Amino acid sequence: MNSLPIIDLHSHSQKSDGRESVRQVFETAVRSGVSVLALTDHDTTSGWAEAYEIAAELGIGFVPGIEVTTRAEVRNARGEPIHLSTHMLAYLPDGDDLALQTALKISIESRVIRLREITERIAADYDVRWSDVIEGLPEGATMGRPAVADALIAKGHFADRTEVFEKIFYKGNPYYVPTSGVPDTLDAIKLIRQAGGVPVIAHPLARGKGPAEGQPMPIEHFEQMIAAGLGGFEVMHRDVPEHARVWLRGLAEKHDLIITGSSDYHGEHGKPNRLGENSTSVAMLERILAQAKGAQAFLPKPLN
Ligand code: AMP
Ligand code: FE
Ligand code: FE
Ligand code: ZN
């Protein structure tokens with residue numbers, strides 16, 4: 001018996017848009033056979049303190065992380081400016097870093113304004129109010145569109161989040177309001193490095209967001225991110241299509257970058273993603289740990 005440990009470096013709790021408490025996420029991880037779990041709530045470190053305690057109690061490894069929403073203006077193949085939203089996983093940054101926390105605070109405040117606007121637009125067609133969204137939200141959670149989805153579900157308009165995303169939040173929907181107040185992608189990479197963290201792109205070039213197979217890949221933007229200090233790519237994620245994986249692996253090899261695999265768990269009824277469905281190798285986790293100069297990971301057992 002010498003099976004490989006399951007190292008899952010992407011999960012969400014009720015500190016953002018996950019459906020489970022921090023404790024429940026870690027308990028589910030133990031049940032799923034996960035050895036090391038990163039908690040990466042959107043734009044917040046508020047789950048970390050509890051996660052350290054629970055991980056120690058349960059004897060499971062814990063890597064503190066954040067999934068930072070970022071935005072970049074790039075040019076498409078025709079030279080027109082377009083906005084790309086990149087979710088940047090930040091592993092082991094110093095949780096007390098003032099510049100990083102300031103950027104996160106501005107992002108969270110901007111989310112509230114954006115989601116209120118989205119809710120008002122939806123309220124023209126569905127019986128739902130902003131107060132319904134607020135009431136359903138766990139205390140201190142980073143809001144995202146899933147919070148609006150939950151209010152619509154509670155009102156009986158839809159069965160689950162997946163249905164809401166298909167029917168209301170599809171690409172080009174009339175309720176859409178762009179994100180604002182989030183850091184520029186290259187600035188975020190530098191901010192995370194300055195805080196001692198390791199930036200890894202979450203679900204890069206995800207299905208429906210990145211170029212389709214045969215279309216040109218955004219090489220210039222990726223090389224800019226790498227030059228800014230990008231650490232790696234979350235290649236093994238259910239939303240990253242095969243042609244993107246091949247391209248990302250090639251780029252990682254060329255620039256000696258880290259490759260991770262993770263679930264992006266959001267709880268039982270959050271998303272279909274299951275804890276441990278993808279795993280990061282011990283060697284890649286060791287590279288993240290070696291580069292990190294901010295927070296400490298909790299690893300109760302040797303990795304091998
Ligand atoms: P926002 O933060 O407002 O941009 O909303 C995006 C969030 O919605 C992401 O963090 C995802 O976790 C979540 N999400 C995206 N697609 C789906 C889906 N099909 N079902 C449930 N949650 C989703
Ligand atoms: Fe999410
Ligand atoms: Fe994400
Ligand atoms: Zn995520």
Side-chain angles (χ1 to χ4, degrees), residues 8-20 25 37-47 63-71 83-91 104 107-119 121-122 130 133 136-138 141-153 158-173 175-183 185 199-204 206-210 233-234 236-240 260-275 277-278 280:
D8 189 337
L9 297 182
H10 188 164
S11 71
H12 298 268
S13 73
Q14 288 172 352
K15 297 297 180 187
S16 62
D17 58 353
R19 298 298 291 261
E20 297 176 353
V25 172
L37 181 69
L39 183 70
T40 54
D41 276 307
H42 296 286
D43 295 333
T44 186
T45 58
S46 65
V63 174
I66 315 165
E67 185 174 5
V68 183
T69 296
T70 75
R71 195 163 181 253
H83 286 107
L84 286 184
S85 173
T86 297
H87 287 181
M88 193 65 65
L89 293 160
Y91 293 117
L104 297 179
S107 278
I108 288 175
E109 287 166 359
S110 312
R111 278 170 176 271
V112 179
I113 297 163
R114 172 186 183 231
L115 290 161
R116 190 169 181 149
E117 263 180 64
I118 290 176
T119 306
R121 290 185 184 199
I122 294 173
W130 179 239
V133 178
L137 199 72
T142 301
M143 296 186 97
R145 280 171 294 169
V148 182
D150 290 349
L152 288 162
I153 295 161
F158 300 97
D160 56 27
R161 287 182 178 181
T162 308
E163 193 189 357
V164 179
F165 271 84
E166 272 170 14
K167 296 195 174 154
I168 294 233
F169 293 143
Y170 57 88
K171 206 172 177 174
N173 75 77
Y175 313 114
Y176 187 76
V177 176
T179 49
S180 60
V182 306
T185 307
V200 172
I201 304 180
H203 41 74
R207 212 166 272 114
K209 303 214 171 92
F233 309 124
E234 184 184 58
M236 292 83 76
H237 179 293
R238 63 159 72 201
D239 294 344
V240 181
T260 66
S262 299
S263 65
D264 199 359
Y265 183 67
H266 280 70
E268 192 59 46
H269 299 286
K271 263 185 176 184
N273 311 35
R274 297 285 73 124
L275 276 172
E277 69 176 29
N278 287 298
T280 297

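Please read these numbers as outputs of a predicted model, since none were measured by experiment. Counting starts at 1 for both ligands and their atoms, in listed order.
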Closest to the Fe ion (ligand 2), among the N/O/S atoms of H42, is atom NE2
Among the N/O/S atoms of D17, the Fe ion (ligand 2) lies closest to OD2
Heavy atoms of S262 and H10 approach each other most closely as CB-CB, 3.4 Å
Scanning both residues in full, the closest heavy-atom pair of L115 with V148 reads CD2-CG2, 3.9 Å
For [X] and [Y], indicate whether the former's side chain and the latter's backbone hold a donor-acceptor pair under 3.5 Å.
X: T280; Y: G261; result: yes
X: R121; Y: Y176; result: yes
X: R207; Y: R238; result: yes
X: D41; Y: T44; result: no
X: Y265; Y: S13; result: no
X: S85; Y: R71; result: no

So the angle subtended at the Zn ion (ligand 4) by H10 atom NE2 and D264 atom OD1, rounded to 10 degrees, is 80°
Record the part of [X] in heavy-atom contact with ligand 1 below 4.0 Å; permitted values are side chain, backbone, both and neither.
X: D264; result: neither
X: R111; result: side chain
X: K271; result: side chain
X: H42; result: side chain

Ion pair R19/E268, N-O distance below 4.0 Å: no
For residues L9 and E234, determine if any side-chain heavy atom of one lies less than 4.5 Å from a side-chain heavy atom of the other.
no
Considering only heavy atoms of [X], which atoms of ligand 1 have at least one such atom less than 4.0 Å away?
X: H266; answer: 12 (O)
X: P146; answer: 5 (O), 7 (C), 8 (O), 13 (C)
X: R114; answer: 1 (P), 3 (O), 4 (O)
X: G144; answer: 2 (O), 3 (O)
X: R161; answer: 21 (C)

- Message: Quick check on the Zn ion (ligand 4): does H12 put an N/O/S atom closer than 2.8 Å to it?
- Response: yes
Q | Contact flag H42/the Zn ion (ligand 4), N/O/S atoms, threshold under 2.8 Å | A | no
Per residue E67, nearest N, O or S atom to the Zn ion (ligand 4) is named OE1
Closest protein heavy atom to [atom], given as residue, atom name and distance to 0.1 Å:
atom: atom 6 (C) of ligand 1; answer: R145 NH2, 3.6 Å
atom: atom 9 (C) of ligand 1; answer: D17 OD2, 3.8 Å
atom: atom 19 (N) of ligand 1; answer: F165 CB, 3.5 Å

Practice task
Mark the output for G270 as yes if a heavy-atom distance to ligand 1 is under 4.0 Å, and as no if none is.
Solution key: yes
Answer with yes or no whether E166 contacts ligand 1, where contact means a heavy atom under 4.0 Å from a ligand atom. no
Restricting to N/O/S atoms, is E67 within less than 2.8 Å of the Fe ion (ligand 2) or not?
no
*Judged by modelled atom types alone, do H269 and D160 share a side-chain donor-acceptor pair under 3.5 Å?*
no
**Request:** Determine the interplanar angle of the H12 and H42 rings, folded into 0 to 90°, and report it as parallel if under 30°, tilted if 30 to 60°, perpendicular if over 60°.
**Result:** parallel
Taking distance alone, with no angle check, do H87 and ligand 1 share an N/O pair under 3.5 Å? no
Only residue of T142, T179, T69 satisfying side-chain hydrogen bond (donor to acceptor under 3.5 Å, both in side chains) with R111 is T69
